[in-house]
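Worksheet for the structure shown next.
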Amino acid sequence: MQGFTTRPYPPTPPPTYRHLLAATSLTPYNPLRVIAHCDIDAAYAQFEAVRLGIPDDQPLITIQWDTIIAVNYPARKYGIKRTSNQGAKEARELCPHVVIAHTATYRMGEEESGYWEDANVLTHKVSLDPYRRESAKIIAIFKEMVPKGEVEKASIDEAYMDFTPMVLDKLLELHPHLATIPDDAPEGLDTPLPPAPPIDWTKAGNVIPVGGGENGVDGETEGEVEKPTWEDWALCLGAEIMAGVRQEVWKQLHYTCSAGIAHNKAMAKICSSWRKPMNQTVLRHAAVSSFLHDKAFTDIRNLGGKLGHSIAAVFEAATVGELVKVPLEEMQRRFGEESIWVYNLIRGIDHTDLVPRHVNKTMLASKNLIPPVRAPKDGEHWIDLLAGELCVRLREAREIEPGLWPKTIVLTHRSGRGYENAGRSRQAPFPYTKALTGEYVAKLGKRMWTQVVAGWIAGTLLISQLGLQFTGVGRMEEGQRNIEGFLGVKGENSTILLEKNGESSRPKRSLSEVISVPDDDASGWTCPKCRKVLPLPDGLAEDELEKELAGIRQEHEDYHFALALQQGGDEAVQVAPPKKRKKEKDKGIAAFFVPKPKKP
DNA sequence: TGATCACAC
DNA sequence: GGGTGTGATCA
């Protein structure tokens, strides 16, 4: 690599005065953009450690029933992991003095969650509320420390931050000469910035070397002297801000976190996990290709699912290094025009915008029912509990942001004994009421429950999972509250729900009708792709039948998957198991979840 | 808008 | 794996 060692690949336009000075510069295309990703190390374990006042070096795991959901770093040294074959017992065998903390739970018939000794999967429901509260505190610190930037809460324990506005300010403060466009600048605002002075990285954390990577060779020792760039300056200043943010989280809450600082979300995210815990890492543009080279490309955000695995199969590639060899045309031939998005992503390019957000848009309280509910009344009891929890959560959210109200309430449910069946759901409007109570929520939930129950032949009911969810949670429109609260649609007697959801409860139907999911009928299941009818065996109990259906369908979809892989010719190939997603003609990447690149 | 699916932690 | 989240797609 001669010459452009600082910007070897991919080529990006050099930053100009416009990128630094113009009000319109705050776009995902600004080369000076600085995005950070931050997540709490083993969050649930740290939350419990702090709650219990346990020393930082004490091994601790957080469990949910007998499943380990978090392992702190001291405990990881003993080989304790979050795997399906390890429970509390195995953890204790590996480390006899490990502290085992169970999540809080709700107890049937009680208002609030707590850390009960007798928490039991049969009678209690896990409560993540305490963790949500910690999460809110952390986000509050982020927002406070990033007043000019944006904060996107990505999950309960991670967030993205856009430091660009603060970084640009700082850049101008440190280099005031950049504020003035030289008189002889050939292209005015669009003149590239003058050469950047050397950078002091000492307060930035880890800096991924160019040409190196985690596996060893340090490119900088190999005779490649890097010229500092303003992009690197921006990252360095962003890293210093991030260090301050992390320090503040530690100071106020005693949580350690890890962070990545880069020019976009995907790169910030992937480098935040470098040398965890309690660390932060800067990924400069020039270091991207070598950093990614040996990584599994499925480690990159959004490539970890079906799409990524299909790509791996089609191109017989596992690492980024292998996948970048695939020319754009070939990728697009196989995965459609849109796949340029993937092509860019594995080259470290991601123009995804942050979504400024601090409150959730949905709230879900759900419970795996053990044993499955067979009596409608039992379902009602669980709904009472779920409704109580949702009510608490909505109230708390409204304390932080007054006026929040959900648009709809959803009852989710699953039949069968495990996950063999897809979940179903019913929803209804959630009318405004001044008196938000668990009973109010439960009433609406039970109404939908009645409909669910009505879909089953008497005595055959078998529900293994129930959930109650608010969706469309947001500030209520001015008019909305007036109309519904004032003039009184008054939830209590609202009939909207019954009308919407099909003449209230449907009349009892025959078994075959009851089972009818979108794709099947009594005699079999029709594949939406090839129209082939796969017969279902007769004489099975209802839950057995559903299980059978799921199995047949999965098998047939696998067949399509294999077929598509095999063909792989001129035609674009549907490389994913063809869910009954789109129409026949749609075979490209559009069949997957693809964040659309946004134009500025 | 309702229901389902994909992807993520 | 359980309990939660977000966003896309399609009738």
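Below, chain A is the first sequence line, B the second, and so on; all start at residue 1.
C/dT4 atom P lies 13 Å from atom CG of A/Leu466, rounded to whole Å. Distance CH2 (A/Trp341) to P (B/dA6): 16 Å, rounded to an integer number of Å. Atom CD of A/Gln46 and atom P of B/dC9 are 18 Å apart (whole Å). Atom NZ of A/Lys306 and atom P of C/dT9 are 15 Å apart (whole Å). Taking atom CG of residue A/Leu307 and atom C1' of nucleotide C/dG7, one finds them 15 Å apart after rounding to whole Å. A/Asp353 has its CG atom 16 Å from the C1' atom of C/dT6, to the nearest Å. The NZ atom of A/Lys265 sits 13 Å away from the P atom of B/dA8 (whole-angstrom rounding). The nearest whole Å value for the distance from the CG atom in A/Asn302 to the C1' atom in B/dA6 is 10 Å.
Note on A/Thr67: a base of the nucleic acid sits closer than 4.0 angstrom, heavy atoms only. Using a 4.0 Å heavy-atom criterion, one finds that A/Lys269 contacts the sugar-phosphate atoms exclusively. Residue A/Ile156 is out of contact with every strand shown, counting any heavy-atom pair closer than 4.0 Å. Using a 4.0 Å heavy-atom cutoff across all strands shown, A/Glu158 reaches sugar-phosphate atoms only and no base atom. No contact: A/Thr103 has no heavy atom under 4.0 Å from any strand. Looking at heavy-atom distances under 4.0 Å, A/Ala154 makes no contact with the nucleic acid at all. Within the 4.0 angstrom heavy-atom criterion, only backbone atoms of the sugar-phosphate kind lie near A/Asp157; the bases stay farther away.
Taking only side-chain nitrogens and oxygens, A/Tyr419 comes nearer than 4.0 Å to OP1 or OP2 of C/dG2. Side-chain N/O atoms of A/Gln427 include one lying less than 4.0 angstrom from OP1 or OP2 on B/dG2. Taking side-chain N and O atoms only, A/Arg393 has a distance below 4.0 Å to OP1 or OP2 of C/dG5. For the pair A/Lys125 and C/dT4, the criterion of a side-chain N or O lying under 4.0 Å from OP1 or OP2 is met. Here A/Asn368 reaches the OP1 or OP2 of C/dG3: one of its side-chain N or O atoms lies under 4.0 Å away. Phosphate contact (OP1/OP2 of C/dT4, side-chain N/O of A/Arg132, threshold under 4.0 Å): present. The phosphate of B/dG2 (OP1 or OP2) has no side-chain N or O of A/Arg424 nearer than 4.0 angstrom. The shortest distance between the side-chain N/O atoms of A/Lys367 and the OP1/OP2 oxygens of C/dG2 is not below 4.0 Å.
For the pair A/Lys265 and A/Tyr160, the cation-pi test (distance below 6.0 Å, angle within 45°) is passed.
Between A/Trp116 and A/His102, the gap from one ring centroid to the other reaches at least 6.0 Å.
Comparing B/dG2, C/dT4, C/dG3 by their closest approach to the side chain of A/Thr408 singles out B/dG2. Picking from C/dG5, C/dG3, C/dG1 the nucleotide with the shortest atom distance to the side chain of A/Ser84 gives C/dG1. Side-chain atoms of A/Ala422 lie closest to B/dC5 of the nucleotides B/dC5, C/dT6, B/dA3. The nucleotide whose nearest atom lies closest to any side-chain atom of A/Trp65 is, among C/dG3, B/dC7, B/dA3, C/dG3. Closest to the side chain of A/Val355, from the set C/dT6, C/dT4, C/dG7, is C/dG7.
Map A/Ile69 and A/Glu389 each onto its nearest nucleotide of DNA chain C; the residue landing nearer the 5' end is A/Ile69. When each of A/Arg357 and A/Leu369 is assigned the nucleotide of DNA chain C with its nearest heavy atom, A/Leu369 is the one assigned upstream, toward the 5' end.
Salt bridge status for A/Glu110 with A/Arg107: present, with a side-chain N to carboxylate O gap under 4.0 Å. Ion pairing of A/Arg51 with A/Glu134 is absent here, as no side-chain N (NZ or NE/NH1/NH2) approaches a carboxylate O to less than 4.0 Å.
Evaluation of atom-type donor-acceptor distances gives a pair under 3.5 Å for the side chain of A/Arg82 against the base of C/dG1.
Within the structure, salt bridge (charged side-chain N to carboxylate O under 4.0 Å, His left out) pairs that include any residue of residues 60-73 of chain A do not occur (at least two apart or interchain).
Partners of A/Asn360 according to the side chain to side chain contact (heavy atoms under 4.5 Å, CB included) rule, which considers only residues two or more places apart in sequence or in another chain, are A/Lys153.
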Evaluate the criterion ring-ring contact (aromatic ring centres under 6.0 Å, His included) for residue pair A/Phe335 and A/Phe315; output intermediate values, then yes/no. CA-CA 11 Å; A/Phe335 288 92; A/Phe315 299 119; 5.8 Å; yes
